[in-house]
Amino acid sequence: MIVEAVCTLIIKLLDVLLVFNLPPFPETITNIFNSFIEYLVMARNMLQSFIGAPAMGVIGLCLLLVVASNSIYFTWSVVIFVLKKIPFVGIE
């Protein structure tokens, strides 16, 4: 639901900022996205029934830290790669 709300917010923001209208999503893509979200919610509820709500918060925080560290590492790697391609910077 959060992902859907963020996507809707981005589309509405782009609709306001851009002068042309964006085409609507095809119905099949919307149905696939909604079923995927339903499966994620069912998996979360099943996992929460086994380990409890407090542990789900800890697991969510750990998952968030792993995703954040991987994205920071990827961004750092791309920046270093681009800087290495510039000859006068002197990074080897």
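Counting from 1, the numbers follow the sequence of the chain as shown. As a basis for the values below, the full set of heavy atoms in this structure was taken, side chains included, without hydrogen atoms, waters or symmetry mates.
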List, one per line, each side-chain donor-acceptor pair under 3.5 Å for residues 53-71, sequence neighbours excluded.
from  : atom 1 : to    : atom 2 : distance (Å)
Ser69 : OG     : Leu65 : O      : 3.1
Ser69 : OG     : Val66 : O      : 2.9
Asn70 : ND2    : Val66 : O      : 3.4
Ser71 : OG     : Val67 : O      : 3.2
Ser71 : OG     : Ala68 : O      : 2.8

For residues 35-42, run the donor-acceptor check on the side chains, cut-off 3.5 Å, and write out each pair with its distance to 0.1 Å, sequence neighbours left out.
from  : atom 1 : to    : atom 2 : distance (Å)
Ser35 : OG     : Asn31 : O      : 3.3
Ser35 : OG     : Ile32 : O      : 2.9

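A side-chain hydrogen bond (donor to acceptor under 3.5 Å, both in side chains) check over residues 45-65, counting only residues at least two apart or in different chains, returns the pairs Arg44-Gln48.
Legend: residues meeting side chain to side chain contact (heavy atoms under 4.5 Å, CB included) with Lys12, ordered by chain and number and at least two apart, are Thr8. Residues that satisfy the side chain to side chain contact (heavy atoms under 4.5 Å, CB included) test with Ile29, not counting sequence neighbours, are Pro26.
Grouping Ile, Leu, Val, Met, Phe, Trp and Tyr residues whose side-chain heavy atoms lie under 4.5 Å apart, directly or via other members, leaves Tyr73 alone, with no other cluster members.
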